[in-house]
Amino acid sequence: MTKKHILGDFEKALLFGLIFSILISFANFNNDCETLRKNVLRLHIIANSDSKSDQEIKLKVRDAILNESGELFKNSDGLSASKRLAKNNLKSFENTANNVIKHKGYTAKAKIGKSYFNTRDYDTFSLPAGEYDSLIITLGEGKGHNWWCVIYPSVCIGGSRAKLKDSAGKSSAIAENPKKYKVKFKIVEIYEKLKRKRKR
């Protein structure tokens with residue numbers, strides 16, 4: 001075997017080793033992202049349309065829901081408990097939203113379900129793309145831009161980011177260091193979008 005062939009085989013081995021290490025690194029990162037997703041409950045309010053009026057109403061519904069849910073989720077001790085609280089209060093959330101939009105000619109529906117989100121920045125941390133358990137409030141036809149926040153841990157209703165560490169463990173470091181993981185967040189987003197396409 002010539003020196004040229006030996007170098008060629010060595011370079012191939014290095015390349016395969018690099019690819020393998022990148023794949024392992026991504027798999028570990030994606031597992032941590034999944035742990036994070038499984039420990040978060042998001043509030044997802046979807047506007048009737050993108051008209052200025054409907055978008056303004058969406059924000060008024062947001063304010064009313066957050067005002068109502070602040071104490072409800074403030075001391076929740078886990079995702080399961082938060083989902084149970086949300087489920088037990090769906091009718092109340094619907095009534096609150098419908099009181100805000102009663103002169104708009106459409107109604108609101110509340111449910112617990114899965115919502116897909118792209119990678120989103122929230123103050124000093126980011127959440128990776130993927131499907132999250134969500135309290136979903138749909139206004140009318142639900143064809144407008146949405147608004148979201150995190151109700152467990154209670155980040156958007158006066159809670160503490162410390163709860164994110166408690167609930168998601170070491171994977172919370174991913175959320176709290178968005179710049180460090182910017183490229184990986186993008187790869188996860190592409191991967192999650194491909195997964196969704198395959199499901200359809």
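Heavy atoms only: backbone and side chains are in, while hydrogens, waters and symmetry mates are out.
Under the side-chain contact (heavy atoms from CB on, under 4.5 Å) criterion, Asn99 pairs with no residue, sequence neighbours left out. Listed by chain and residue number, nothing satisfies the side-chain hydrogen bond (donor to acceptor under 3.5 Å, both in side chains) test with Thr107 (two or more places apart in sequence, or in another chain). With sequence neighbours excluded, no residue forms a side-chain hydrogen bond (donor to acceptor under 3.5 Å, both in side chains) with Asn95.
Follow the hydrophobic side-chain contacts under 4.5 Å out from Ile57 and you reach Ile65 in the same cluster. Hydrophobic clustering keeps Ile46 apart from Ile112 (ILVMFWY residues linked when any side-chain heavy atoms are closer than 4.5 Å, directly or through intermediates). The hydrophobic clustering, which links ILVMFWY residues whose side-chain heavy atoms are closer than 4.5 Å, places Leu41 and Trp147 together. Hydrophobic cluster membership is shared by Leu72 and Val100, with clusters built from Ile, Leu, Val, Met, Phe, Trp and Tyr side chains linked at under 4.5 angstrom. In the hydrophobic clustering of this structure, Ile137 groups with Ile151; members are Ile, Leu, Val, Met, Phe, Trp, Tyr whose side-chain heavy atoms approach within less than 4.5 Å, directly or through other members.
Atom SG of Cys149 sits about 9.0 Å away from atom CZ of Arg42, to the nearest 0.5 Å. One distance of note links CG of Asp50 with NZ of Lys58; it measures 8.0 Å at 0.5 Å rounding.
Proximity of a side-chain donor or acceptor of Arg37 to a complementary backbone N or O of Ala129 within less than 3.5 Å is detected. At distances below 3.5 Å, not a single donor-acceptor pair connects side-chain atoms of Gln55 with backbone N or O atoms of Ala47.
Side-chain contact between Leu85 and Tyr152: absent, with no pair of heavy atoms (C-beta onward) separated by less than 4.5 Å. The side-chain heavy atoms of Ser115 and Ile136, taken from C-beta on, include a pair separated by under 4.5 Å. A heavy-atom distance below 4.5 Å is found between the side chains of Tyr116 and Asn118. In this structure the side chain of Val61 reaches within 4.5 angstrom of the side chain of Ile101, judged on heavy atoms.
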Item to check | Steps toward side-chain contact (heavy atoms from CB on, under 4.5 Å) verdict (Ile45, Leu139) | outcome: CA-CA 8 Å; Ile45 302 175; Leu139 309 180; 4.2 Å; yes

Next on the checklist: What verdict does the side-chain contact (heavy atoms from CB on, under 4.5 Å) test give for Thr96 and Asn67, after you've listed the backbone C-alpha separation in whole Å, the side-chain angles of each residue and the deciding distance to 0.1 Å?
Outcome noted: CA-CA 10 Å; Thr96 298; Asn67 185 57; over 6 Å; no

Next on the checklist: Assess the residue pair Leu90 and Leu135 against the criterion (side-chain contact (heavy atoms from CB on, under 4.5 Å)); give the C-alpha distance rounded to whole Å, side-chain angles, the decisive distance to 0.1 Å, and a yes or no.
Outcome noted: CA-CA 9 Å; Leu90 288 178; Leu135 166 58; 3.6 Å; yes

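Evaluation of the ring pair (Phe, Tyr, Trp, His ring centres under 6.0 Å) test over residues 83-102, restricted to residues two or more places apart or in two chains, returns none. Counting only residues at least two apart or in different chains, salt bridge (charged side-chain N to carboxylate O under 4.0 Å, His left out) contacts with residues 86-106 comprise Asp54-Lys104, Lys91-Glu94. Sorted by first and then second residue, the salt bridge (charged side-chain N to carboxylate O under 4.0 Å, His left out) pairs with a member in residues 132-148 read Lys83-Asp133, Lys114-Asp133, Glu141-Lys143; sequence neighbours excluded.
One side chain, Ser51 or Ser49, offers a donor N or O that lies under 3.5 Å from an acceptor on the other.
In this pair, Tyr132 and Phe117 present their aromatic rings perpendicular. The plane angle is above 60°, beyond the 30 to 60° band.
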